[in-house]
Protein chains: 2
Amino acid sequence: MTQPTTEAASVRVAASLRTEILDGVIEPGTWIRQEEVAERLGASRLPVREALRILTAEGLITVEPNRGARVPVLDRREVEVLYRMRERLEPLALVESMPNLGAVDFDRIRDLQQQIEAIDDLRDFLALDRAFHLATYSACGIDHLQDTVVRLWNATQHYRRAFMELAGPQRRWVVNAEHSLIIDALDRQDGQDAERYLVGHIRRTRRELIAHPELFSDA
Amino acid sequence: MTQPTTEAASVRVAASLRTEILDGVIEPGTWIRQEEVAERLGASRLPVREALRILTAEGLITVEPNRGARVPVLDRREVEVLYRMRERLEPLALVESMPNLGAVDFDRIRDLQQQIEAIDDLRDFLALDRAFHLATYSACGIDHLQDTVVRLWNATQHYRRAFMELAGPQRRWVVNAEHSLIIDALDRQDGQDAERYLVGHIRRTRRELIAHPELFSDA
DNA sequence: CCCCTTGAAATTGGATCCATCTTCTGGGAA
DNA sequence: TTCCCAGAAGATGGATCCAATTTCAAGGGG
């Protein structure tokens, strides 16, 4: 068979750690011990080391030589610039993806948005929000672009969660409204409009997020 | 001592492979055998595996499970979008970096440009051109942004070299002129102008590069 | 003549053991 | 009391051996 029967251990370990980091189970700044992870996930230390490299490539952790790996702690300016990167890159991904979006893609996008509007749990909301945006970029056909966007989402995930906790559930209705505008522009195949709404969506979040100094470690 | 006495083997192997890939010694499409690299660089296979992960994170190679690693072959559209990503990201890096550039940075930038104008060998030219642009971004203070830019340069390096080989040495004078405009704008602390010149610089290269279908594999 | 199967060789992935580096703790001296 | 140094413990980095997967070639059947 041409399909691997069992997933590689390093990929499994990376998947587990990825979920734990994105869900905030592993908080920024805490060291990730190879042996602890190994015995907890039932693997040797070697695939754990490979997994840490994978997660480094995804922008989820940073590795310090002979020290270990941990989820990086970002200051306010860093998060702000990461959001400015999103403002510039994601519209490109959206415009490149839009012409190639098929009927099944649109169904999936609308379905995700309906789930977002119905969901209550914050963890699920964040995962669905992420899945929604990535779905709109999924047809761009450029792996490097999609990977870069994922890295930006990964690096900022912790602060997005902290912000949404602070902002409360009513903040989600802003998100939902802006998502609807994007879907509408995609429906009309209007790239200019889609780009405009997406930039506004990201920029608004950046501004509101940055306005909370208590989310960041720096003075 | 707080400084590591000897560099980690995986870092050394990664450095060697990185140079070989950027210089075109390892061409896109060819498989990179772990054992071959290991004995050639005097290390075990394990640090080679770590090195391949490092290079994957840098956008230089792609790893296929149970298959191996190789420098990816890009089609024309992929290279075009990568350049569009550069057009959007590098101006941000430049604007964020410019206010923090000190006197030593400016000296280094001017020195690099003088070297570029004097150099003859294509390999050195490409390395200096890369160093020049990265130097102008070096004060932005956002690791993630700089890393992303480096990945874009890495991924497109092969096609930049192939293009410059085709275009001939007189093409370099266009580069030098545009570099001078950027330096001038930085001197005046005019972010708008610097951004404008940089976008033009990248866009011109993209257009001329894309105009050579013989550089790409696709139909 | 072509295609499928089968087996061996080559290559990658994983486990265990050892070396090296970092860090923490305890003791001693100013 | 405080600072510094030495030594032990813990963690990461590396080497070797073994298992699983892929690839390629040879042989048989349609």
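Residue numbers begin at 1 in each chain, while the letters A, B, ... track the order of the sequences. Worth knowing before you read on, the calculation uses all heavy atoms, side chains too, and leaves out hydrogens, waters and symmetry mates.
Considering only residues two or more places apart in sequence or on other chains, A:Glu214 meets the salt bridge (Lys or Arg N to Asp or Glu O under 4.0 Å) condition with none of them. Applying the side-chain hydrogen bond (donor to acceptor under 3.5 Å, both in side chains) criterion to B:Thr156, with sequence neighbours excluded, gives B:Arg160. Under the salt bridge (Lys or Arg N to Asp or Glu O under 4.0 Å) criterion, A:Glu27 pairs with no residue, sequence neighbours left out. Evaluation of the salt bridge (Lys or Arg N to Asp or Glu O under 4.0 Å) rule for B:Arg12 yields no partner, not counting sequence neighbours. For the salt bridge (Lys or Arg N to Asp or Glu O under 4.0 Å) test, no residue two or more places apart in sequence or in another chain qualifies with B:Asp111.
Looking at residues 45-53 of chain B, you'll see B:Arg45, B:Arg49 sit with a heavy atom under 4.0 Å from some atom of DNA chain C. Annotation: proximity of residues 26-39 of chain B to DNA chain C (heavy atom, distance under 4.0 Å) is found for B:Ile32, B:Arg33, B:Gln34, numbered in ascending order.
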Donor-acceptor contacts, no H, no angles, side chain residues 37-46 of chain A, under 3.5 Å, sequence neighbours left out:
unit_1	atom_1	unit_2	atom_2	d
A:Arg40	NE	A:Glu36	OE2	2.7
A:Arg40	NH1	A:Glu20	OE1	3.4
A:Arg40	NH1	A:Glu20	OE2	2.7
A:Arg40	NH2	A:Glu20	OE1	3.3
A:Ser44	OG	A:Leu46	N	3.4
A:Arg45	NE	A:Gln34	OE1	3.1
A:Arg45	NH2	A:Gln34	OE1	3.2

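With rounding to whole Å, A:Asn66 atom CG is found 10 Å from D:dT12 atom P. Whole-Å rounding puts the B:Arg70 CZ to C:dT11 P distance at 15 Å. A:Glu64 places its CD atom 14 Å from the C1' atom of C:dT23, with the value rounded to the nearest Å. Taking atom CZ on A:Arg12 and atom C1' on D:dA20, their separation rounds to 14 Å, with Å as the unit.
Across C:dG14, C:dA15, D:dT23, the shortest atom-to-atom separation from the side chain of B:Arg67 is found for D:dT23.
The stretch residues 130-159 of chain A participates, sequence neighbours left out, in no salt bridge (charged side-chain N to carboxylate O under 4.0 Å, His left out) pair at all.
Salt bridge status for A:Arg88 with B:Glu195: present, with a side-chain N to carboxylate O gap under 4.0 Å.
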